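Notes follow once the structure below has been shown.
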Amino acid sequence: MGPLIPQGIIPGQWNNVIAVLIGMAFGFIMEGSGFSSSRKIVGLFYGYDFTVLKVFFTATVTAAIGLLYFSYLGWIDLSMVHIHPTYVTGAIVGGVVMGVGFVTGGFCPGTSFCGVAIGKIDAIIYTLGLMAGIFVFSEAFSVFEKLYDGNYLGEITITEFFGLSPYLFVFFFTLAAIAIFFITSIIVKRVEEVNY
Amino acid sequence: MKTNIEDKSKIYYNPYFGGVVLGLILLATFYFTGRGLGASGAAKSTVVAAVDKLAPEHAQKSAYYSKFLSDDEHPLNNWLVFEVIGMLAGAFLSGALSGRLKFRTEHNPKITTKRRLIFAGIGGFFFGFGSQIARGCTSGAALSGAAVLSLGGFITMMAIFGSAYGFAYFFRKLWI
C-alpha cells in the first residue's frame, strides 16, 4: 500500500533515484506539450493558444481522480500524503505576485527549466531573475514574515473547509474543466491568429 | 529536408494527451513519495546552498535560510533538486527528438530581443519572490496542491491565473 517510500516498502535510498526518473518524465512531457515556448504559454492570457490551460487542468483532474480511486481501492493511505498547507494571506499575495511574473516573463519556474534545457536564452535570463527574486525575499524575510505566516488554517482541503464530499467536488471540478475547454475552443476561433 | 525539420519542431502533443500523461506522472509521484512535484523549490535550494557557501554565518543567523539548513545534510541534497536535474534531462531529450535544440531568444517580432530579455528577468524576479510568499509555484502549490484538494493550492492557483489575466492588458504589447 502506498505511498511506498513513507511506508518503508521501498527503501529511502531510492528516493533520489526516483526523483531523477520522475523529473525526466515530467520534463519530457512538458517540453513535448510546448511548455518550453513562452509565446505558446502566454497565449492563454491573450486567447490565441490555450494549450497550457488544457494540459494544466487535465493533469490536475487526472491526478485528483486517480488519488481518490487509489484511496478507495486501498492502494494509498491519503493520511500519509502531504497536503500543501493553507496560509491564506501568502497564497493570495504570493499568487498575485506570481501572476505578474507569469505575464511579463512568459514562464513559470517549471516551464522555464524546460526552456533552459533546449537553449532558450530568455528562459536562462528568467531563471536568473527567479533566483534573484528568491534571494531578495530571503534577505528581506523579516519585513515579510507577517505576510508569510498570515491566516494559517493548517493542512486543510477545500472539501473539509466547505464541508463537501471530495468525490462530488472532483466530479463537478471535472465538469467545470470540460466546460472551460469548450469555451476556450470557441474563443480561440474568434481571436486573431498569432504566428510564432 | 530542412523544411521537414522546421515543421517537426512546431508539432506538439495533443494537450489532453499531454495533460493525462502529466496527471499520471503526478499520481505516480504521490504513490511513490507521498508528495507532489515542484520546481521553484529547487531554485530556492540553489540560492540557500550558494549563500551558505559564501556567507555561512549569515545563512545560519537568517530566519529564512536557516529553515532549510541542517547539520547533517547539504541543502542541495533535496528531492526537488534531483527532480529538476531529471527535468532538464527529460526536456533536453524531448527537444532533441523534435529538432528544437537551439540557442535563441523567442520573442514577438514587434519588440526587440533586449526588451524581451529585460522582461524575462523581471518576470522571473516576480515569480521567484511570489513563490516564496506562497510557499510554492505553479507546480508545487497550484498543480500538486489542487490535486490533493488543498485549500491553499486552489487559492494560489486562482490567484496566479486571475492576476495574470488581470495584468495581461498592461503587458499586451510584449506578446501581441
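Remember, it's a predicted structure, so these values are computed and weren't measured experimentally. Letters go in sequence order (proteins before strands), and every chain restarts at 1.
With a 4.5 angstrom heavy-atom cutoff, A/Val194 touches chain B only via side-chain atoms. Within the 4.5 angstrom heavy-atom criterion, only side-chain atoms of B/Leu97, from C-beta onward, approach chain A. Heavy atoms of A/Gln7 lying under 4.5 Å from chain B are absent altogether. Only the side chain of B/Leu37 comes within contact range of chain A, judged by heavy atoms closer than 4.5 Å. Proximity to chain A involves both the backbone and the side chain of B/Phe103, based on heavy atoms less than 4.5 angstrom apart. Using a 4.5 Å cut-off between heavy atoms, B/His107 touches chain A through its backbone atoms (N, CA, C, O) alone. For B/Thr29, the parts sitting under 4.5 Å from any heavy atom of chain A are the backbone and the side chain alike. Both the backbone and the side chain of B/Asn108 have a heavy atom closer than 4.5 Å to some heavy atom of chain A. At a 4.5 Å heavy-atom cutoff, the contact between A/Ile76 and chain B is made by side-chain atoms alone. For B/Leu88, the parts sitting under 4.5 Å from any heavy atom of chain A are the backbone and the side chain alike. At a 4.5 Å heavy-atom cutoff, A/Val17 makes no contact with chain B through either its backbone or its side chain. At a 4.5 Å heavy-atom cutoff, the contact between A/Leu153 and chain B is made by side-chain atoms alone. Contacts of B/Val51 with chain A are made by side-chain atoms alone, with heavy-atom separations under 4.5 Å and no backbone atom involved. In this structure, chain A has heavy atoms under 4.5 Å from both the backbone and the side chain of B/Val20. For A/Ser37, the parts lying near chain B are the backbone and the side chain together; criterion is any non-hydrogen pair under 4.5 Å. Heavy atoms closer than 4.5 Å to chain A are found in the side chain of B/Ser139, but not in its backbone.
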May I have the step-by-step check of ring-ring contact (aromatic ring centres under 6.0 Å, His included) for B/Phe129 and A/Phe144, ending in yes or no?
-> CA-CA 11 Å; B/Phe129 200 94; A/Phe144 297 100; 5.1 Å; yes

Given side chain to side chain contact (heavy atoms under 4.5 Å, CB included), test B/Thr46 with A/Met131 step by step and report yes or no.
-> CA-CA 8 Å; B/Thr46 311; A/Met131 289 196 268; 3.9 Å; yes

Please lay out, stage by stage, how A/Thr157 and B/Val148 fare under the test side chain to side chain contact (heavy atoms under 4.5 Å, CB included).
-> CA-CA 7 Å; A/Thr157 65; B/Val148 293; over 6 Å; no

Could you go through the side chain to side chain contact (heavy atoms under 4.5 Å, CB included) check for B/Phe167 and A/Phe45 one step at a time?
-> CA-CA 9 Å; B/Phe167 287 104; A/Phe45 303 124; over 6 Å; no

Take A/Lys40 and B/Lys10, measure what side chain to side chain contact (heavy atoms under 4.5 Å, CB included) needs, and give me the verdict at the end.
-> CA-CA 11 Å; A/Lys40 193 171 182 67; B/Lys10 296 214 166 161; over 6 Å; no

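The nearest pair of heavy atoms linking B/Phe82 to A/Ala19 is CB-CB, 3.6 Å. Residues B/Ser150 and A/Ile83 approach most closely at CB-CG2, 3.8 Å, considering heavy atoms. When all heavy atoms of A/Phe56 and B/Ala142 are compared, the closest pair comes out as CZ-CB, 3.9 Å. Taking each heavy atom of A/Ile134 and B/Lys44 in turn, the nearest pair found is CD1-N, 3.7 Å. When all heavy atoms are compared, the tightest approach of B/Ala134 to A/Gly95 is CB-N, 4.3 Å. For B/Ile155 against A/Ala91, the heavy-atom pair with the smallest separation is CG2-CB, 3.8 Å.
Across B/Leu149, B/Leu27, B/Leu26, a single residue satisfies side-chain contact (heavy atoms from CB on, under 4.5 Å) together with A/Leu67, and that is B/Leu27.
Between A/Phe28 and B/Tyr13, the ring-plane angle classifies as tilted under the 30° and 60° cut-offs. Ring geometry, A/Phe169 versus B/Phe154: the interplanar angle exceeds 60°, so the pair is classed perpendicular (tilted spans 30 to 60°).
For the pair A/Met24/B/Phe92, no side-chain contact is recorded, criterion being any heavy-atom separation below 4.5 Å from C-beta on. Two residues are said to be in side-chain contact when any heavy atoms from C-beta on lie closer than 4.5 Å; B/Phe30 and A/Met80 fail this criterion. Side-chain contact between B/Phe171 and A/Tyr46 is present, with at least one heavy-atom pair separated by less than 4.5 Å. Side-chain atoms of B/Tyr12 and A/Thr51, non-hydrogen and from C-beta on, never get closer than 4.5 Å to each other. Residues A/Phe107 and B/Phe127 have side chains not in contact (no heavy-atom distance under 4.5 Å, counting atoms from C-beta outward). Contact annotation: the side chain of B/Leu22 approaches that of A/Val55 to within less than 4.5 Å [non-hydrogen atoms, C-beta and beyond]. Side chains of B/Phe125 and A/Val136 form a contact here, defined as non-hydrogen atoms less than 4.5 Å apart. Taking 4.5 Å as the limit, some side-chain heavy atom of B/Cys137 sits within range of a side-chain heavy atom of A/Pro109.
Annotation: the span from A/Met98 atom CE to B/Thr156 atom OG1 amounts to 5.5 Å, rounded to 0.5 Å. Within the model, atoms OH of B/Tyr31 and CD1 of A/Ile18 stand 11.0 Å from one another, a figure rounded to the nearest 0.5 Å. Note that the OH atom of A/Tyr148 and the CZ atom of B/Arg135 stand 4.0 Å from one another [nearest 0.5 Å]. With rounding to the nearest 0.5 Å, the separation of OG in B/Ser62 from CD in A/Glu139 is 6.5 Å. To the nearest 0.5 Å, atom CG of residue B/Leu101 and atom CD of residue A/Glu31 are 8.0 Å apart.
Taking chain A as the reference chain and counting heavy-atom pairs below 4.5 Å, the highest number among B/Phe119, B/Tyr169, B/Tyr65, B/Phe161 is found for B/Tyr65. Interface summary for chain A: among B/Glu83, B/Met158, B/Glu106, the most heavy-atom pairs under 4.5 angstrom belong to B/Glu106. The most heavy-atom pairs under 4.5 Å with chain B, out of A/Ala117, A/Ser36, A/Pro6, A/Gly12, come from A/Ala117.
A distance-only check finds no donor-acceptor pair linking the side chain of B/Lys102 to the backbone of A/Lys120 [under 3.5 Å]. When atom types are taken as modelled, the side chain of B/Trp175 and the backbone of A/Gly106 share no donor-acceptor pair closer than 3.5 angstrom. With hydrogens and angles disregarded, no donor-acceptor distance shorter than 3.5 Å links the side chain of A/Thr62 to the backbone of B/Gly23.
A side-chain donor-acceptor contact under 3.5 Å links A/Asn15 and B/Trp79.
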